[in-house]
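Okay, so here's the structure we're looking at.
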Amino acid sequence: MPELPEVEIAARNLRRWMARRRIGALRADARARRLFRPGTPAALQALAGARFQTLRRIGKNLLLTFAGKSGPLGVWSHLGMTGKWLRRAAGEPAPSASRVELTLDDGAHVHYVDRRMFGRFRLVPGARFDGLSEIAALGPDPLTDGIDAAALRARLAGLRTPIKVALLDQTILAGVGNIQASESLFRAGIDPRRPARTLTGAEVKRLAAAILESIHFTLDDFAAAGADGGGADIGYVEERQTENPFLVYGRPGAPCPRCKKGTIVRMVQAQRATFFCPRCQK
DNA sequence: ACCCGTGTTCGCTG
DNA sequence: TCAGCGAACACGGG
C-alpha cells in the first residue's frame, strides 16, 4: 500500500533484481483483467524474452523499459492500495494474490502482487511513456525534482479545497499520499482544514520543507528496517512487525509529540482519514 | 454484520 | 470549463 517512499523502495529492489536479466517466461492472472486494462493478460506475453534495461519512478508510478524482440517495450506499474513487487528464489512457492509472475533467466521469480487490484500493469509499446496522459499530468516529484515553494504556492493559490486534500492531488505534487499529507502538515504546524489558497508564502515554504523531511524520514525508517543496499530486500509497512513510525498518522488519542498538551485527532476529509493536533496546527 | 484501509477514476452538480 | 463532492472499484482484517 504505497506512497512515494514505498514505491521508491520497490524501484530500488526491482533495479537490483532485474539488472541485466532477461524475462524467460511470464504468467498473468486471467482473473486480474482490470489491472491490465486496456490490455489483456495474453498481450503481456510480448514481454517474454525481453531484457530489462531501466526503471524510472515518477511519484507513485514505476516505468520499466525492456529491450524486446522488435524494439523497446515499456511497462507502466502503479501499485494502487495493495500492490507490491516481491522476489522469490527458484523453487519457492508464489505469494498469494500474485497477478504477474516474471521468471528471470537467473531462475528467480519476480511477482507483482495485488490483493485488491486497484493497481495497474500496462504494456506501453515502444516504451513511449510520454504518450501516457496520466504520466504527463503528474506534478513534480519531491524526491527527484525537489519542491519549488513559489511554484507550489502558485498552484495552491486558486484552491478553496482543504490543504490536506490538495496535497493528495498528484498533479500538484507526485507521490504524496494520505500518510505523508498528514505527517507533513503536522511537521509544518499547519491545520489540514485550511483552504489551500489561504496559506502564506512562509507557510508554503515550511510545508515544502516538511514534505521532504517526512519523505526522507520514512525512507530512512525503511532502510533501517530492511537495510537497502545491504542486499536484503525491504519489507512493506503492512508486512513488518515494527512499531508505527509516524508522528500522528494512525495515532488517534495519543498525546501530541510536539506540544505534549494536545491530543491527536482523527477526522475524515474527502473520504480519507486525517490525523492532526488541533492545538499546535494553526 | 459492520467499519476500515499508504489510491484513483468517474459522473454529477453548481 | 472546471472545482468540488461522493460513489465505485475489490477484498481481507479487526
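Sequence lines set the chain letters: A, B, ... in the order given, protein chains first and strands last, and positions in each chain run from 1. In this text, all values refer to a predicted model and were calculated from it rather than measured experimentally.
- Note on A/Q170: only backbone sugar-phosphate atoms sit closer than 4.0 angstrom, heavy atoms only; bases stay farther off.
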Under the 3.5 Å Watson-Crick or G-U criterion, the dot-bracket string of DNA chain B, with | for inter-strand pairs: .||||.||||||||
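- Nearest-nucleotide assignment on DNA chain C puts the 5′-proximal partner with A/L159, out of A/L159 and A/Q271.
- The A/T161 side chain lies nearest to C/dG4 when the options are C/dG4, B/dT8, B/dG5.
- Proximity of a side-chain donor or acceptor of A/Q170 to a complementary backbone N or O of A/G139 within less than 3.5 Å is not detected.
- Separating the CE atom in A/M18 from the CZ atom in A/F66 is a distance of 3.5 Å, to the nearest 0.5 Å.
- Nucleic acid contact for A/R37: none, since no nucleic acid atom lies under 4.0 Å from a heavy atom of the residue.
- Note on A/A273: only backbone sugar-phosphate atoms sit closer than 4.0 angstrom, heavy atoms only; bases stay farther off.
- An OP1 or OP2 oxygen of B/dG5 is reached within less than 4.0 angstrom by a side-chain nitrogen or oxygen of A/R266.
- The separation of C/dG12 from B/dT8, taken at their P atoms, amounts to 22 Å, rounded to a whole angstrom.
- Note on A/R272: a base of the nucleic acid sits closer than 4.0 angstrom, heavy atoms only.
- Comparing B/dT6 with C/dG4, their C1' atoms sit 23 Å apart, to the nearest whole Å.
- Listed nucleotides: C/dA10, B/dG5, C/dG4. Nearest to the side chain of A/R34: C/dA10.
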